[in-house]
Amino acid sequence: MQWIIFMLLLFISSMEMLTQNRWKKQASAGLLENCTGCVLCSEDNGCITCHHRLFLLIWRDGIRQYGMCVHTCPPGYFGVRGLEVNRCTKCRSPSCESCFSRDFCMKCKDKFYLHKGQCFRQCPPSTAAQPDTRECQETCEPGPWSEWSACTHEGRTCGCKWGVETRVREVPGATREEGAACPALLETRKCRMRKHCPGGEH
């Protein structure tokens, strides 16, 4: 009877040791996987500090916080280099895909347009949406048209049946920005000239 109890205890002890060894292997494998590029690493929270060239990315899963060392920050983050640690910092706007600083966006997510570092669903007044670049381009408001010019052909105002007359409109400097999309500022049209010049000049 004692022999059977001894064998049973020995079997249970062996199973416990096998289970513990298996768990330790899994834990160490997971720790190594989560600690790639780390200088300091926590089994519960992943990377704490990274090698000099890497960025520390921290994200939350419920109430838990995890760290990972990455070469480049993912979409929605930008890299900030520091004396002790380089960090991936999240862009403030949730509609921003990549940013230069916390409040200055460089590329917006789908269905948003970029204008002066901010993301908009609809472009602000005096701008026009550019679907190819997903940006809002400044538009300019020109002034009124001038009167039509004299009808001319090769610099002459007579001696030919048809000529061309033009009119222009100016854009105030305050409303025109570099790269702004402006409407037509010059128009031309065909016009009838005096075929015979005064005094018989041709």
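Only a predicted model underlies this, so the values are computations on that prediction, with no experimental measurement involved.
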More than 12 heavy atoms of other residues, nucleotides or ligands under 6.0 Å from CD of Glu187: is that the case?
yes
Which atom of [X] lies closest to which atom of [Y], heavy atoms considered:
X	Y	result
Thr89	Arg102	CG2-NH1, 4.0 Å
Arg156	Met193	O-CE, 3.3 Å
Cys136	Pro124	SG-CD, 3.9 Å
Cys197	Gly159	SG-N, 3.3 Å

So do [Y] and [X] actually touch side chain to side chain, heavy atoms under 4.5 Å?
X	Y	answer
Cys99	Phe78	yes
Cys108	Arg134	no
Lys111	Arg121	yes
Leu56	Cys47	yes
His153	Cys158	no
Phe120	Cys123	no

Given the rule that I, L, V, M, F, W and Y join up when any side-chain heavy atoms are under 4.5 Å apart, are [X] and [Y] in one cluster?
X	Y	result
Leu54	Ile48	no
Leu57	Phe55	yes
Val39	Met68	no
Trp59	Val70	yes

Main-chain N/O of [Y] paired to [X] side chain as donor or acceptor, under 3.5 Å:
X	Y	answer
Ser146	Val168	yes
Thr152	Thr157	no
Gln118	Asp103	yes
Asn45	Gly67	no

Going by an N to O cut-off under 4.0 Å, is there a salt bridge joining Glu97 and Lys109?
no
Show your working on disulfide (SG to SG under 2.5 Å) between Cys69 and Cys50 and close with a plain yes or no.
CA-CA 6 Å; Cys69 294; Cys50 302; 2.0 Å; yes
To the nearest 0.5 angstrom, please state how far the [atom1] atom of [X] sits from the [atom2] atom of [Y].
X	Y	atom1	atom2	value
Met106	Phe100	CE	CZ	7.5 Å
Leu114	Ser95	CG	OG	9.5 Å
Cys88	Tyr77	SG	OH	8.0 Å
Arg189	Cys151	CZ	SG	9.0 Å
Arg87	Thr49	CZ	OG1	10.0 Å
Ser42	Tyr66	OG	OH	10.0 Å

Please name the residue in the list Arg169, Arg167, Glu170 that meets the side-chain contact (heavy atoms from CB on, under 4.5 Å) test with Leu185.
Arg169
Should Glu138 and Lys116 be marked as a salt bridge (charged side-chain N to carboxylate O under 4.0 Å, His left out) after you check the CA-CA gap, both sets of side-chain angles, and the distance that decides it?
CA-CA 10 Å; Glu138 294 284 344; Lys116 294 184 177 180; 3.8 Å; yes
Thr127 and His115: CA distance, side-chain angles, deciding distance, side-chain contact (heavy atoms from CB on, under 4.5 Å) verdict
CA-CA 9 Å; Thr127 64; His115 180 62; 3.6 Å; yes
Can you see whether Ser149 engages Thr166 through a side-chain donor-acceptor pair at a distance of less than 3.5 angstrom?
yes
Go through the steps to decide whether Cys96 and Cys91 satisfy the test disulfide (SG to SG under 2.5 Å), and finish with yes or no.
CA-CA 7 Å; Cys96 182; Cys91 305; 4.1 Å; no
Please report the C-alpha distance between Ser93 and Cys105 in whole Å, then the side-chain angles of each, then the deciding distance to 0.1 Å, and finally whether the side-chain contact (heavy atoms from CB on, under 4.5 Å) criterion is met.
CA-CA 8 Å; Ser93 171; Cys105 190; 5.9 Å; no
Would you sort out whether Gln137 and Gln130 count as a side chain to side chain donor-acceptor pair (under 3.5 Å), showing the intermediate values?
CA-CA 7 Å; Gln137 187 178 27; Gln130 304 297 312; 3.3 Å; yes
